[in-house]
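Working notes for the structure below.
We name chains A, B, ... by the order of the sequence lines, and we start the count at 1 in each one.
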Amino acid sequence: MTDVLGIYNYWIYVLLMMIGLYGVIAKPNLIKQAIALGLFQTGIFLYYISMAVIDGGTAPIWTTIEHGAQKFQGPYDNPLPHVLILTAIVVSVSVLAVALALIINIKRQYGTIEADEIEAMDLADKARDYVRGQVVDAADDAETKLEGRHHV
Amino acid sequence: MNAVVLIDTLLLLLVTVSAIAIIEVRSLYSSAMLTGVYSLLMALVWVNMHSMDVAFTEAAVGGGISTILLIGTLVHVGREEKPLKKRLHVPALIFTALTGAALIYGTLDMPRFGDPAAPIHHYRVPEMLAQTVGFVNKTPGKQPAPEGFDAQQYRTFDGRVKDIPADPTDTAWRENSPLRTEGLLIPTVPYQHDAHAEPGHHLHPPDDFNGHVPNSVTSLLAAYRGYDTMFETTVIFTAGVSLILLLRRPRREGYLQKGAPLGDQVILRVVTKMSIPFILIFGFYVITHGELGPGGGFQGGVILATAFILYALIFGRPALYRIVPPPVSDVLTGVGVLVYSGTGAACMLLGGKFLDYAFLNTASPGDGEALGMTLVEYGVGITVSMVMLTIFNQLAEEQSK
């Protein structure tokens with residue numbers, strides 16, 4: 001039982017990451033994908049902070065508690081993962097903001113934010129270009145043939 | 001089972017449920033609101049794990065700013081997700097299940113939750129904490145190593161971990177271990193009196209700059225990892241610039257004359273006007289006291305930004321533009337980064353290395369460290385608040401097209 005509780009946090013981190021990953025793969029909506037990426041990130045944050053915990057530890061702010069003649073200090077949790085994650089959270093909101101700006105631009109350009117529709121439109125564009133190219137090529141061929149006949 | 005683990009277990013269950021709801025709910029509005037709930041639950045999880053600074057940031061950023069940004073975007077791109085033909089994406093499910101199983105198999109080798117003997121607590125971290133004090137490097141101008149300090153022992157941590165048994169299931173050693181009684185991350189050096197403290201003041205461990213920087217998260221953030229934090233501030237600055245480049249359009253005539261969306265709601269107006277000064281004071285408090293307690297430039301900057309965003313939500317962005325015109329906020333995003341790197345350059349001019357704050361006050365290095373960290377935190381705070389404001393302005397500008 002203690003063993004299961006000992007790694008329970010790591011299982012939840014895996015679960016959160018996988019929920020995020022599932023969202024990124026399965027949901028074609030770009031906003032959903034941006035949110036799912038955020039879930040993926042918080043999974044990793046949980047992994048880091050879980051590692052920082054020490055049995056009976058307290059927040060890593062150095063203080064001496066004095067009870068009469070006795071002085072108590074710590075033990076403290078590890079502050080390093082806290083530092084890494086605190087900056088990572090602020091960077092993650094910046095990433096989200098840039099993603100949202102790009103999504104707005106995509107909406108402006110395509111009129112939709114569903115990844116599969118965007119893909120279909122790109123594909124249709126490509127097909128249209130290809131067919132147009134074929135037609136132009138055929139016309140060019142016909143023209144050169146015509147010109148050749150003229151010269152002869 | 002102790003209280004931390006019990007609360008942790010329950011909170012993480014709730015977090016998982018809300019994560020699934022965020023992904024599966026069809027309305028994007030509900031999804032955005034649920035991310036706010038999710039972030040607040042996450043903040044509680046961080047508090048439960050004694051990670052106060054992270055909880056602070058999560059509550060301000062995740063619960064506040066990112067929800068507003070998402071909703072601001074939804075107004076523009078539509079609030080409903082296209083209905084899917086199949087509810088369950090089977091290949092994705094199989095792929096994530098396999099990846100998750102592999103990762104869970106990997107966690108079996110992880111140290112148990114809360115194990116003080118885990119390698120992460122013994123490799124490098126004691127050295128980093130020592131380095132923030134400065135006496136490992138014996139840099140001139142910093143305090144000398146206290147009597148009885150063995151740098152080699154501090155560096156390798158051998159003296160403190162040699163009694164850990166090889167068998168990880170044997171936990172009896174912890175009861176008698178010095179790790180338990182002295183505090184894991186406090187070095188075995190005698191406490192000393194702060195020369196500048198009033199009589200009867202506490203004795204301090206040497207890690208906290210003679211009592212000037214008790215929050216070790218801030219001292220790691222601004223001193224040992226000072227370069228890293230500086231460039232993270234630059235990343236945020238870059239995000240602000242990207243938003244301007246991606247979304248800003250030439251101003252139309254008369255953009256300042258538009259009415260306020262919620263300005264006729266008397267209660268909202270009065271409550272907003274009453275609460276904004278307190279939000280601003282709280283933001284400045286969090287930035288200024290970052291080295292004493294939880295908080296710092298990142299958290300305080302976001303809180304300052306929320307005051308401006310609240311004003312814009314109630315009285316309209318034109319009103320906000322009269323207080324903070326876009327050119328001013330644009331310039332201030334850069335000024336914050338400049339304050340940060342300028343503090344580093346000032347340390348160089350005073351004879352130290354880049355970001356070697358002790359040189360700001362050689363008579364009392366502890367004071368110098370605290371001063372340098374406060375300046376740096378203000379730099380971070382200015383950049384973060386102004387970038388958040390710029391991001392909000394750009395995303396909101398789109399909807400009122």
>> Using 0.5 Å steps for rounding, measure from the OH atom of A/Tyr130 to the CG atom of A/Asp137.
In response: 9.0 Å
> Does any heavy atom of chain A fall under 4.5 Å from the side chain of B/Leu13, the backbone, both, or neither of them?
Replying inline: both
>> Given heavy-atom pairs under 4.5 angstrom as the criterion, report whether the side chain, backbone, both or neither of B/Leu28 touches chain A.
In response: side chain
> Where does B/Pro294 contact chain A at under 4.5 Å (heavy atoms): side chain, backbone, both or neither?
Replying inline: both
>> What part of A/Leu21 gets within 4.5 angstrom of chain B, counting heavy atoms only: side chain, backbone, both, or neither?
In response: both
>> Given heavy-atom pairs under 4.5 angstrom as the criterion, report whether the side chain, backbone, both or neither of A/Ile49 touches chain B.
In response: both
> What closest approach, in Å, do B/Met52 and A/Ala59 show between heavy atoms, and which atom pair accounts for it?
Replying inline: CG-CB, 4.0 Å
> Considering only heavy atoms, which portion of A/Leu16 lies under 4.5 Å from any heavy atom of chain B: side chain, backbone, both, or neither?
Replying inline: side chain
> Do you know which of A/Ser92, A/Gly20, A/Ala34, A/Ser50 has the most heavy-atom pairs with chain B at a distance under 4.5 angstrom?
Replying inline: A/Ser50
> What's the shortest heavy-atom distance between B/Asn215 and A/Pro60, and which atoms?
Replying inline: OD1-O, 3.9 Å
> Side chain, backbone, both or neither: which part of B/Met49 has an atom under 4.5 Å from a heavy atom of chain A?
Replying inline: both
> Hey, what do you get for NE2 (B/His50) to NE2 (A/His82), rounding to the nearest 0.5 Å?
Replying inline: 9.5 Å
> Does the pair B/Phe392 and B/Ile68 meet the rule for a side-chain contact (heavy atoms from CB on, under 4.5 Å), with working shown?
Replying inline: CA-CA 8 Å; B/Phe392 169 76; B/Ile68 294 177; 3.8 Å; yes
>> Less than 4.5 Å to any heavy atom of chain A: does that hold for the side chain of B/Tyr38, its backbone, both, or neither?
In response: side chain
> For the residue pair A/Val14 and B/Leu103, what are the closest heavy atoms and their distance?
Replying inline: CG2-CB, 3.8 Å
> Contact part of A/Ala97 toward chain B, heavy-atom cut-off under 4.5 Å: side chain, backbone, both or neither?
Replying inline: both
> Could you state the interatomic distance from CH2 (B/Trp46) to OG1 (B/Thr57), rounded to the nearest 0.5 Å?
Replying inline: 11.0 Å
> About how many Å separate NZ of A/Lys27 and OG of B/Ser31, when rounded to the nearest 0.5 Å?
Replying inline: 9.5 Å
> With chain B, which of A/Val98, A/Leu102, A/Val83, A/Ile25 has the greatest number of heavy-atom pairs at distances under 4.5 Å?
Replying inline: A/Val83
> Given the options A/Ser94, A/Gly111, A/Ala36, A/Gly38, which has more heavy-atom pairs under 4.5 Å with chain B than any of the others?
Replying inline: A/Ser94
> Of the backbone (N, CA, C, O) and the side chain (C-beta and beyond), which part of B/Ser51 lies under 4.5 Å from a heavy atom of chain A, both, or neither?
Replying inline: both
> With respect to chain B, which residue among A/Leu96, A/Leu30, A/Leu84, A/Ile31 yields the maximal number of heavy-atom pairs within a distance under 4.5 Å?
Replying inline: A/Ile31
>> Given heavy-atom pairs under 4.5 angstrom as the criterion, report whether the side chain, backbone, both or neither of A/Leu100 touches chain B.
In response: both
>> Can a donor-acceptor pair be found, under 3.5 Å and without considering hydrogens, that links the side chain of A/Thr144 to the backbone of A/Asp141?
In response: yes
> Among A/Val95, A/Leu46, A/Ile113, A/Val91, which has the most heavy-atom pairs under 4.5 Å with chain B?
Replying inline: A/Leu46
> Tell me, side chain or backbone of A/Leu39 under 4.5 Å from chain B's heavy atoms, or both, or neither?
Replying inline: both
> Given side chains that start at C-beta, do those of A/Met121 and A/Thr112 come closer than 4.5 Å, heavy atoms only?
Replying inline: yes
> Top residue by heavy-atom pair count (under 4.5 Å) with chain A, among B/Val47, B/Val45, B/Ile236, B/Val235?
Replying inline: B/Ile236
> Is any side-chain N of the basic residue among A/Lys32 and B/Glu24 closer than 4.0 Å to the acidic one's carboxylate O?
Replying inline: no
> Any ion pair linking A/Asp125 and A/Arg128 (charged N to carboxylate O, less than 4.0 Å)?
Replying inline: yes
>> I'd like to verify something: which residue of A/Thr87, A/Val24, A/Asp116 has the highest number of heavy-atom pairs under 4.5 Å with chain B?
In response: A/Thr87
>> Please classify the contact of B/Phe95 with chain A as side chain, backbone, both or neither, using a heavy-atom distance under 4.5 Å.
In response: side chain
> Tell me, side chain or backbone of B/Thr16 under 4.5 Å from chain A's heavy atoms, or both, or neither?
Replying inline: both
>> For B/Ile391, which atoms come within 4.5 Å of any heavy atom of chain A: side chain, backbone, both, or neither?
In response: side chain
> Which answer fits A/Ile106, side chain, backbone, both or neither, if we ask what part of it has an atom under 4.5 Å from a heavy atom of chain B?
Replying inline: neither
> Under the side-chain hydrogen bond (donor to acceptor under 3.5 Å, both in side chains) criterion, do A/Asn29 and A/Glu114 qualify, and how do the steps go?
Replying inline: CA-CA 4 Å; A/Asn29 189 293; A/Glu114 305 286 337; 3.1 Å; yes
>> What's the separation between atom CD in B/Gln394 and atom OG in B/Ser242, rounded to the nearest 0.5 Å?
In response: 11.5 Å
>> So for A/Phe45, is it side chain, backbone, both, or neither that comes closer than 4.5 Å to the heavy atoms of chain B?
In response: both
>> Is A/Ile19 close to chain B through its backbone or its side chain, or both, or neither, when contacts mean heavy atoms under 4.5 Å?
In response: both
> OH/A/Tyr47 to OH/A/Tyr10 distance, rounded to the nearest 0.5 angstrom?
Replying inline: 7.0 Å
